[in-house]
A.B. asks: 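One structure is given below, represented as structure tokens, and several questions about it will come after.
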Amino acid sequence: MQNMTEYAKEQIKTAVNAALEKVTSEPLPAFIVETPADSANGDFSCNAAMTCSKALKKNPREIAGLITENLALDKNILDRVETAGPGFLNFFLASGWYAEAVKCITAQKDDFGRSDFGAGKRVLIEFVSANPTGPMHIGNARGGALGDSLASVMERAGYYVEREFYVNDAGNQIEKFSLSLCVRYLQAMGEDIEMPEDSYHGDDIIEHINNYISEYGNALLVNPLSESQMKYLLANYAVQKNIQKLKEDLEKYRIKYNTWFRESTLHLDNAPMKIVELLKEKGHTYEQDGALWLKASEFGDEKDRVLIRSNGVPTYLVPDIAYHYNKLEERKFDIAIDILGADHHGYIPRMNAALAALGVDTARLKVIIMQMVRLVRGGEAVKLSKRSGKAITLATLLDEVPLDAARFFFNLREANTHIDFDLDLAIEESNKNPVYYVQYAHARICSIIRRLADEGITCTFPESLAFTEKTEFELIKKAAELPSETEKAAQELNPSRITRYVLELAQTFNKFYETCRIKGEEENILQSRLTLCHAVKIALKNALEMLKVEAPEKM
């Protein structure tokens with residue numbers, strides 16, 4: 001019984017269906033079993049009496065009575081059922097369920113929360129993918145925490161997951177980058193040449209050139225090269241340095257990718273033009289005004305899209321199509337997940353149209369649109385680092401706030417909501433700080449176990465567990481929710497469910513801690529509560545691991 005909560009729900013569905021079969025042979029509509037907001041209304045509530053009212057031509061409360069008369073409940077799981085309101089069936093868990101749930105958690109230990117829900121499906125999650133022309137900004141910081149945590153959640157839910165960084169080392173931004181480097185190099189070599197207005201004027205360009213000159217001097221001028229050769233060599237040098245810095249910053253952020261996929265490899269293989277030819281063969285293109293167009297409007301997009309401009313140059317859409325075709329059809333991932341910024345809404349229908357035109361099931365592409373982050377200090381929005389006075393990047397953020405706080409805060413909200421990241425709160429060591437609150441709950445449990453052990457009291461994990469208090473029952477139910485929360489988070493592509501779960505679990509534990517003594521209680525009560533503490537410790541640690549947030553034993 002890996003997922004105790006879902007198991008109880010299935011028992012209710014089975015029992016209600018069996019009861020209805022005794023009442024009628026008519027086909028009946030579906031019903032749901034859910035957890036009420038108020039535990040006074042039971043541990044689970046079922047609306048079967050209401051949904052079946054029309055089919056049975058009876059009052060819902062009358063149907064509820066018929067169901068309860070014919071219910072055969074497993075008394076080890078469900079203690080009783082009550083009818084409430086217009087006909088809701090409210091089910092109450094048996095004491096045996098609570099004991100079994102705690103034993104399941106402590107037996108599974110590090111594996112508690114895992115499931116085979118994903119059935120081993122191959123998933124590729126592409127996230128961050130910052131341009132290799134500069135450092136990562138705050139949006140990338142949010143995308144990193146979101147993508148990496150989602151990957152961990154899906155792994156725990158039974159998927160095979162790979163993390164990928166798409167390096168945009170081709171196209172207009174690289175052309176502009178290489179030109180900027182070339183001009184700065186020639187300036188450093190004494191040539192009187194001005195930087196084009198639309199080039200990159202940042203200090204990082206000058207820093208790259210200074211480093212290049214310190215390594216190679218004037219080598220590019222000793223053996224005269226064409227401008228394109230010079231630009232290529234300088235850009236390749238700087239891009240490699242930037243990619244290495246990206247890797248270092250992301251590894252510091254606890255993110256390690258399976259693949260750093262370079263866009264340039266698509267062009268080396270001529271993949272973009274192969275995709276164009278494939279779309280032509282399938283009859284989904286046409287020529288107009290000297291350009292080649294995709295019939296995107298035939299596949300759900302708002303308008304047709306240009307693939308090849310009238311000057312013969314492909315649009316940015318072509319290598320993007322080739323990249324997604326590579327993920328889904330050539331590398332055979334069952335699902336490809338893209339995490340993109342808020343300005344990419346229009347990207348979804350055009351990519352879906354292109355994939356549909358290629359005969360790819362668009363349901364296999366999942367796109368998460370991530371909203372903006374606003375940094376706040378002292379109640380005011382900030383854009384500059386306190387230390388450097390420059391724009392806050394991922395690297396400077398991690399210099400200012402604890403890594404655990406950064407990862408936790410970025411997953412406090414769903415991706416489609418804006419975030420106000422409170423820099424002051426992130427470093428505050430108090431219960432106002434959500435990550436501190438959760439970590440302190442874990443450390444408190446470890447302290448309880450440690451102090452008792454110092455007095456010679458260790459947990460024996462007895463076969464017979466006794467729970468009688470409301471706060472005990474609430475804590476056990478909350479701890480037992482981790483497997484279903486993990487599955488739901490994977491299904492919804494929403495790791496913030498796990499963040500909310502650990503906050504709720506920590507809060508529920510603190511209520512238990514305030515009302516239930518351990519030391520000094522009768523032996524069976526002491527051992528039961530100590531076993532429960534171990535179970536909660538396991539649930540907290542396993543959930544925090546999905547967020548790659550530490551679960552400290554001392555604070």
Side-chain angles (χ1 to χ4, degrees), residues 128-141 165-252 257 260-270 272 309 311-316 318-319 383-385 387-399:
V128 179
S129 298
N131 284 333
T133 56
M136 286 175 289
H137 52 68
I138 292 302
N140 300 137
F165 190 112
Y166 183 59
V167 182
N168 297 101
D169 63 341
N172 290 335
Q173 79 276 4
I174 291 295
E175 177 62 29
K176 188 187 292 187
F177 185 58
S178 63
L179 175 61
S180 305
L181 290 163
C182 187
V183 171
R184 288 300 190 201
Y185 179 80
L186 293 173
Q187 286 177 342
M189 291 293 107
E191 291 197 21
D192 185 13
I193 182 173
E194 289 190 9
M195 283 286 283
E197 191 174 331
D198 66 341
S199 59
Y200 295 127
H201 292 251
D203 292 342
D204 58 311
I205 300 293
I206 297 172
E207 186 179 344
H208 277 308
I209 292 305
N210 289 340
N211 291 335
Y212 187 88
I213 291 172
S214 69
E215 290 185 52
Y216 302 105
N218 64 348
L220 296 180
L221 299 181
V222 172
N223 297 308
L225 301 171
S226 68
E227 181 182 306
S228 62
Q229 289 174 318
M230 186 181 293
K231 285 160 60 178
Y232 172 79
L233 289 171
L234 288 170
N236 190 57
Y237 170 86
V239 165
Q240 292 285 16
K241 296 287 186 184
N242 281 352
I243 290 175
Q244 183 57 37
K245 184 64 169 64
L246 291 172
K247 286 182 178 180
E248 290 170 1
D249 288 346
L250 286 163
E251 286 184 9
K252 182 180 177 183
Y257 288 91
W260 288 72
F261 190 103
R262 298 184 68 154
E263 181 186 345
S264 56
T265 61
L266 293 171
H267 296 279
L268 288 173
D269 194 37
N270 204 29
R309 301 180 182 94
N311 62 3
V313 177
T315 63
Y316 77 91
V318 177
K383 293 184 179 179
L384 299 180
S385 168
R387 296 185 181 183
S388 67
K390 296 179 181 179
I392 296 180
T393 63
L394 171 61
T396 55
L397 176 73
L398 297 183
D399 286 338

A.B. asks: Do you know the tightest heavy-atom contact between Ala391 and Thr396?
C.D. replies: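 Closest approach of Ala391 to Thr396, heavy atoms only: O-OG1, 4.0 Å.
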A.B. asks: Looking at Leu268, Asn168, Asp169, which hits side-chain contact (heavy atoms from CB on, under 4.5 Å) with Arg262?
C.D. replies: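 Among the candidates, only Asp169 passes.
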A.B. asks: Closest heavy-atom contact between Leu181 and Leu234?
C.D. replies: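 Heavy-atom minimum between the residues: CD1-O, 3.6 Å.
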A.B. asks: Given side chains that start at C-beta, do those of Asn131 and Asn242 come closer than 4.5 Å, heavy atoms only?
C.D. replies: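 Heavy-atom side-chain distance check fails, nothing below 4.5 Å.
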A.B. asks: Does CG in Asn311 sit with more than 12 non-hydrogen atoms of other residues, nucleotides or ligands closer than 6.0 Å?
C.D. replies: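 For Asn311, atom CG is crowded (more than 12 foreign heavy atoms under 6.0 Å).
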A.B. asks: Can you tell me how far CD1 of Ile392 sits from CD1 of Ile138, rounded to the nearest 0.5 angstrom?
C.D. replies: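 Going from CD1 on Ile138 over to CD1 on Ile392, the span is 6.0 Å.
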A.B. asks: Identify the two heavy atoms, one from Ala130 and one from Leu246, that lie closest to each other, and give their separation to 0.1 Å.
C.D. replies: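 Shortest heavy-atom separation between Ala130 and Leu246 comes out as O-CD1, 4.3 Å.
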A.B. asks: Kindly give the heavy-atom pair with the smallest separation between Lys176 and Ser199, and that separation in Å.
C.D. replies: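 Between these two residues, the closest heavy atoms are CG-CA, 3.8 Å.
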A.B. asks: Could you tell me whether the side chain of Gln187 reaches within less than 4.5 Å of the side chain of Met195, counting heavy atoms only?
C.D. replies: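 SC-SC contact between Met195 and Gln187 confirmed.
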A.B. asks: Could you tell me the separation between the CG atom of Asp204 and the CD1 atom of Ile209, rounded to the nearest 0.5 Å?
C.D. replies: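 Output value for this atom pair is 10.5 Å.
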A.B. asks: More than 12 foreign heavy atoms under 6.0 Å from CG of Asn172: is that the case here?
C.D. replies: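 No - once you tally the heavy atoms of other residues, nucleotides and ligands closer than 6.0 Å, there are 12 at most.
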A.B. asks: How close do Ala395 and Lys245 get, heavy atom to heavy atom, and via which atoms?
C.D. replies: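 For Ala395 versus Lys245, the nearest heavy atoms are CB-NZ, 4.1 Å.
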A.B. asks: Begin with the C-alpha distance, continue with both residues' side-chain angles, and end with the deciding distance and a verdict on side chain to side chain contact (heavy atoms under 4.5 Å, CB included) for Gln229 and Leu220.
C.D. replies: CA-CA 9 Å; Gln229 289 174 318; Leu220 296 180; over 6 Å; no
A.B. asks: Using 0.5 Å steps for rounding, measure from the CG atom of Leu233 to the OG atom of Ser228.
C.D. replies: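 So the CG of Leu233 and the OG of Ser228 are separated by 9.5 Å.
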A.B. asks: Going by the ring-ring contact (aromatic ring centres under 6.0 Å, His included) test, name the single residue among Tyr232, Tyr212, Phe177 that passes it with Tyr237.
C.D. replies: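 Among the candidates, only Tyr212 passes.
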A.B. asks: Could you give the distance from CG (Leu394) to NZ (Lys252), rounded to the nearest 0.5 Å?
C.D. replies: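 If we round to the nearest 0.5 Å, Leu394:CG and Lys252:NZ are 8.0 Å apart.
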A.B. asks: Does the pair Glu215/Lys241 count as a salt bridge with the N-to-O cut at 4.0 Å?
C.D. replies: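 Result for this pair is yes, salt bridge flagged.
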A.B. asks: Under a 4.5 Å cut-off applied to non-hydrogen side-chain atoms, are Ile205 and His201 in contact?
C.D. replies: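 Side-chain contact under 4.5 Å: no.
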A.B. asks: Closer than 4.0 angstrom, basic N to acidic O: yes or no for Glu251 and Lys247?
C.D. replies: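 So Glu251 does not pair with Lys247 through a salt bridge.
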A.B. asks: Report, as yes or no, whether the 6.0 Å neighbourhood of atom CD on Glu248 holds more than 12 heavy atoms from other residues, nucleotides or ligands.
C.D. replies: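 It does: Glu248 CD has more than 12 such atoms within range.
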A.B. asks: Supply the atom-to-atom distance His208 NE2 to Ser180 OG, rounded to the nearest 0.5 angstrom.
C.D. replies: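 Reported value, rounded in 0.5 Å steps: 11.0 Å.
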A.B. asks: Give the minimum heavy-atom separation between Met136 and Asn140, together with the two atoms involved.
C.D. replies: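 Nearest heavy atoms, Met136 then Asn140: CA-OD1, 3.3 Å.
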A.B. asks: Less than 4.5 Å apart, side chain to side chain, heavy atoms only: is that true for Ile174 and Pro132?
C.D. replies: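 Yes. Closest side-chain heavy atoms under 4.5 Å.
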A.B. asks: Would you check if Gln173 and Tyr200 make a side-chain contact, meaning some heavy-atom pair closer than 4.5 Å?
C.D. replies: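 Yes, close enough: below the 4.5 Å cut-off.
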A.B. asks: Looking at Tyr316, I'd like to know if its OH atom is crowded, meaning that more than 12 non-hydrogen atoms belonging to other residues, nucleotides or ligands lie closer than 6.0 Å.
C.D. replies: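 Atom OH in Tyr316 is crowded, with more than 12 foreign heavy atoms closer than 6.0 Å.
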A.B. asks: Rounded to the nearest 0.5 Å, how far does OG1 of Thr393 lie from CG of Leu398?
C.D. replies: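 Interatomic distance, Leu398 CG to Thr393 OG1, rounded to 0.5 Å: 8.5 Å.
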A.B. asks: Using side chain to side chain contact (heavy atoms under 4.5 Å, CB included), reason through Tyr185 and Leu221 one step at a time and then give a plain yes or no.
C.D. replies: CA-CA 10 Å; Tyr185 179 80; Leu221 299 181; 4.1 Å; yes
